[in-house]
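Here the structure is laid out as structure tokens; the discussion comes afterwards.
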Amino acid sequence: MSTTQTTIETSQLNLTGGTIRHALSDVVKADDWSDFKFTPIRESTVSRAMTSRYFQDMDKYAVADVIIIGAGSSGLSAAYVICKNRPDLKVVCIESNVSPGGGAWLGGQLFSAMIMRKPAHLFLDEVNVPYEDEGDYVVVKHAALFTSTVLSEVLKFPNFKLFNATAVEDLVTRPAGDNGEVTAAGVVTNWTLVTMNHDNQSCMDPNVIELAGYQNDGSRDTSAKHGVILSTTGHDGPFGAFTAKRIVQIDGNQKVAGMKGLDMNHAEAAVVKFSGEYKGVGNVYFAGMESATLHGLNRMGPTFGAMAVSGIKAADEILKHFSE
């Protein structure tokens, strides 16, 4: 038997022969766990604990400084940068799906690995996501590692709230000039399941989250900085590119161009450069594949650097808006 084999077998014996320790080791004494029990609780206590906190959040974030539509890789990356730099801003994210993360739970064609071209790896370094360095690009062993890490980091910020299973049905708008100019003033929301079933019921009216910057009578409060909307709803789909499709109707001066064919080298840089403020309606920003759909850019396929970096670029513009 070789020295290497002996070392491996000895190591395995040490692993299997050691004392098992886990979080409940000091609670569970019986080998068969027959002594295990939970602390008692009433069903109504659980209900009150959930609903009271949820409605407190709805009240707290009825007015927000930043409303992010879509909790995919672009939206979450933007939320991370904004919340980290400005803990004084109230940031709320609306996600139509039960599970946030968009399409970033897997790589291309349902494969596990996530590819990011440099210099997007610098964001991975910041949020402590490990990767394999392949020179011009890096590989995260599973896309879910990136998404779960960024999501976890964002949810820790005390100035951030995620409302998932919630759809944005429309934008709130206000006049912003004497020549028909319009600014966004908030979003119209509803439970996603309600939004999907309007044709099955009648009169299922929505709710509203308003942007900061208005007085109680609805008039503009010029002493306060106007809040912003960042839309990152992805490419066209049932809920995708929602704001892009709606904003051109409100604006009337632009059309949704739709994505061009796949071209990684042109697409990723273009998505980053075109992410940011929308010029036709005030206080609206775009990032991610929704920018590609709005401006007629190439799709990039299964490479994710532009998703994160476009969110960071939009966040950079938004932070400058609040610092002016």
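Nothing fancy with the numbering, it's 1 onward along the sequence.
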Practice problem: Walk me through it: do Phe146 and Phe304 pass the test ring pair (Phe, Tyr, Trp, His ring centres under 6.0 Å)? | Solution: CA-CA 10 Å; Phe146 166 78; Phe304 288 81; 7.9 Å; no
Quiz item: Would you say His142's side chain and Ala144's backbone share a donor-acceptor pair under 3.5 angstrom?
Solution: yes
Self-check item: Nearest heavy-atom neighbours spanning Ala79 and Ile68
Solution: CB-CD1, 3.7 Å
Quiz item: Does a side-chain N-to-carboxylate-O contact under 4.0 Å join Asp65 and Lys225?
Solution: no
Quiz item: Do Ser219 side-chain atoms and Gln215 backbone N/O form a donor-acceptor pair below 3.5 Å?
Solution: no
Quiz prompt | Ser47 side-chain N/O to Thr45 backbone N/O, donor-acceptor pair under 3.5 Å | solution = no
Exercise. Would you sort out whether Asp88 and Asn159 count as a side-chain contact (heavy atoms from CB on, under 4.5 Å), showing the intermediate values?
Key: CA-CA 7 Å; Asp88 57 312; Asn159 58 325; over 6 Å; no
Quiz item: Is a side-chain N or O of Glu268 found less than 3.5 angstrom from the main chain of Ala306, in a donor-acceptor match?
Solution: yes
Quiz item: For the hydrophobic clusters of this structure (ILVMFWY residues joined by side-chain heavy atoms under 4.5 Å, transitively), does one cluster hold both Phe157 and Val66?
Solution: yes
Quiz item: Would you say the side-chain atoms of Asn164 pair up with the backbone N or O of Val98, donor to acceptor, closer than 3.5 Å?
Solution: yes
Quiz prompt | Rounded distance (nearest 0.5 Å) linking atom CE of Met58 with atom NZ of Lys161 | solution = 10.0 Å
Quiz item: His226 and Tyr214: side-chain donor and acceptor closer than 3.5 Å?
Solution: yes
Quiz item: Of all heavy-atom pairs between Ala185 and Arg174, which one has the smallest distance, and what is that distance?
Solution: CB-CG, 3.5 Å
Quiz item: Got a sec, which residues hit side chain to side chain donor-acceptor pair (under 3.5 Å) with Thr192, two or more places apart in sequence or on another chain?
Solution: none
Quiz item: So, Ser96 side chain and Ala167 main chain: donor-acceptor pair closer than 3.5 Å or not?
Solution: no
Quiz item: Does the side chain of Val228 reach to within under 4.5 Å of the side chain of Phe322, using non-hydrogen atoms?
Solution: yes
Quiz item: Are Thr232 and Ser74 close enough that a side-chain donor and a side-chain acceptor fall under 3.5 Å?
Solution: no
Self-check item: Asn207 side chain reached by Thr166 side chain, heavy atoms, under 4.5 Å
Solution: no
Practice problem: Could you check whether the rings of Trp33 and Phe36 sit parallel, tilted or perpendicular, using 30° and 60° as the cut-offs? | Solution: tilted
Quiz item: Looking at CD of Glu324 and CG of Leu319, how far apart are the two atoms once the value is rounded to the nearest 0.5 Å?
Solution: 11.0 Å
Exercise. Identify, with sequence neighbours excluded, every residue that meets side chain to side chain donor-acceptor pair (under 3.5 Å) alongside Asp133.
Key: Lys118
Quiz item: Do Leu145 and Pro130 have side chains that get closer than 4.5 Å, going by heavy atoms?
Solution: yes
Practice problem: May I ask you to check whether over 12 heavy atoms, not counting those of Asp217, lie within 6.0 Å of atom CG? | Solution: yes
Practice problem: Verify the neighbour count for atom CG of Asp31: are there more than 12 heavy atoms of other residues, nucleotides or ligands below 6.0 Å? | Solution: no
Practice problem: Verify the distance criterion only: is there a donor paired with an acceptor across the side chains of His198 and Glu169 at less than 3.5 Å? | Solution: yes
Quiz item: Thr243 versus Leu171: any side-chain heavy-atom pair under 4.5 Å?
Solution: yes
Exercise. Give a yes or no on whether Arg299 atom CZ has more than 12 heavy-atom contacts from other residues, nucleotides or ligands under 6.0 Å away.
Key: no
Quiz item: Is a side-chain N or O of Arg117 found less than 3.5 angstrom from the main chain of Met264, in a donor-acceptor match?
Solution: yes
Self-check item: Main-chain N/O of Phe242 paired to Thr233 side chain as donor or acceptor, under 3.5 Å
Solution: yes
Self-check item: Steps toward ring pair (Phe, Tyr, Trp, His ring centres under 6.0 Å) verdict (Phe163, Tyr54)
Solution: CA-CA 9 Å; Phe163 289 109; Tyr54 195 88; 5.5 Å; yes
Quiz item: Rounded to the nearest 0.5 Å, what separation is found between the NZ atom of Lys260 and the CG atom of Leu297?
Solution: 7.5 Å
Quiz item: Do you know the tightest heavy-atom contact between Gly234 and Thr293?
Solution: O-OG1, 4.4 Å
Self-check item: ILVMFWY cluster, Ile229 and Val91 together (side-chain gap under 4.5 Å)
Solution: no
Quiz item: Any chain of hydrophobic side-chain contacts (each under 4.5 Å) joining Ile82 to Tyr61?
Solution: no
Quiz item: Who passes side chain to side chain donor-acceptor pair (under 3.5 Å) against Lys90, sequence neighbours left out?
Solution: none
Self-check item: Chi angles and distances behind the side-chain contact (heavy atoms from CB on, under 4.5 Å) call for Val154, Val150
Solution: CA-CA 6 Å; Val154 170; Val150 178; 4.2 Å; yes
Quiz item: Would you call Lys245 and Asp236 a side-chain contact if the rule is heavy atoms closer than 4.5 Å?
Solution: yes
Quiz prompt | Residue pair Arg246 / Gln249, side-chain donor-acceptor N/O under 3.5 Å | solution = yes
Exercise. Drop me the distance from Leu162's CG to Asp57's CG, to the nearest 0.5 angstrom.
Key: 10.5 Å
Exercise. Would you mind reporting whether Val172 and Glu210 have side-chain heavy atoms less than 4.5 Å apart?
Key: no
Quiz item: Can Ile247 be reached from Leu230 by stepping across I, L, V, M, F, W or Y side chains whose heavy atoms are under 4.5 Å apart?
Solution: no
Practice problem: Any chance you could lay out the salt bridge (Lys or Arg N to Asp or Glu O under 4.0 Å) test for Lys320 and Glu277, step after step, and finish with the verdict? | Solution: CA-CA 11 Å; Lys320 289 174 182 175; Glu277 187 177 11; over 6 Å; no
Exercise. Begin with the C-alpha distance, continue with both residues' side-chain angles, and end with the deciding distance and a verdict on side-chain contact (heavy atoms from CB on, under 4.5 Å) for Glu290 and Ile69.
Key: CA-CA 11 Å; Glu290 192 168 9; Ile69 309 174; over 6 Å; no
Practice problem: Can you see which heavy atom on Ala104 is nearest to which on Ser73, and at what distance? | Solution: CB-CB, 4.1 Å
Exercise. Please report the shortest heavy-atom distance between Ala314 and Ala287, naming the atom on each side.
Key: CB-CB, 4.0 Å
Quiz item: Using a distance-only test with no angle check, is there a side-chain donor-acceptor pair under 3.5 angstrom linking Thr183 and Asn283?
Solution: yes
Quiz item: Can you find a pair of side-chain heavy atoms, one from Tyr285 and one from Ser275, that are under 4.5 Å apart?
Solution: no
Quiz item: Counting only N and O atoms by type, is there a donor-acceptor contact under 3.5 Å from the side chain of Glu317 to the main-chain atoms of Gly276?
Solution: no
Quiz item: Hey, quick one: are Phe123 and Leu151 part of the same hydrophobic cluster, counting side-chain heavy atoms closer than 4.5 Å, chains of contacts allowed?
Solution: yes
Quiz prompt | Audit row: Gln254, Tyr278, side-chain contact (heavy atoms from CB on, under 4.5 Å) steps and yes/no | solution = CA-CA 11 Å; Gln254 187 171 334; Tyr278 180 82; 3.7 Å; yes
Quiz item: Side chains of Glu181 and Val281: does their closest heavy-atom pair fall under 4.5 Å?
Solution: no
Self-check item: Straight-line distance of Ile318 CD1 to Asn85 CG, nearest 0.5 Å
Solution: 12.0 Å
Self-check item: Inter-residue atom distance Leu155.CG - Cys83.SG, 0.5 Å rounding
Solution: 10.0 Å
Self-check item: Flag, side chain of Asp35 to backbone of Lys29, donor-acceptor distance under 3.5 Å
Solution: yes
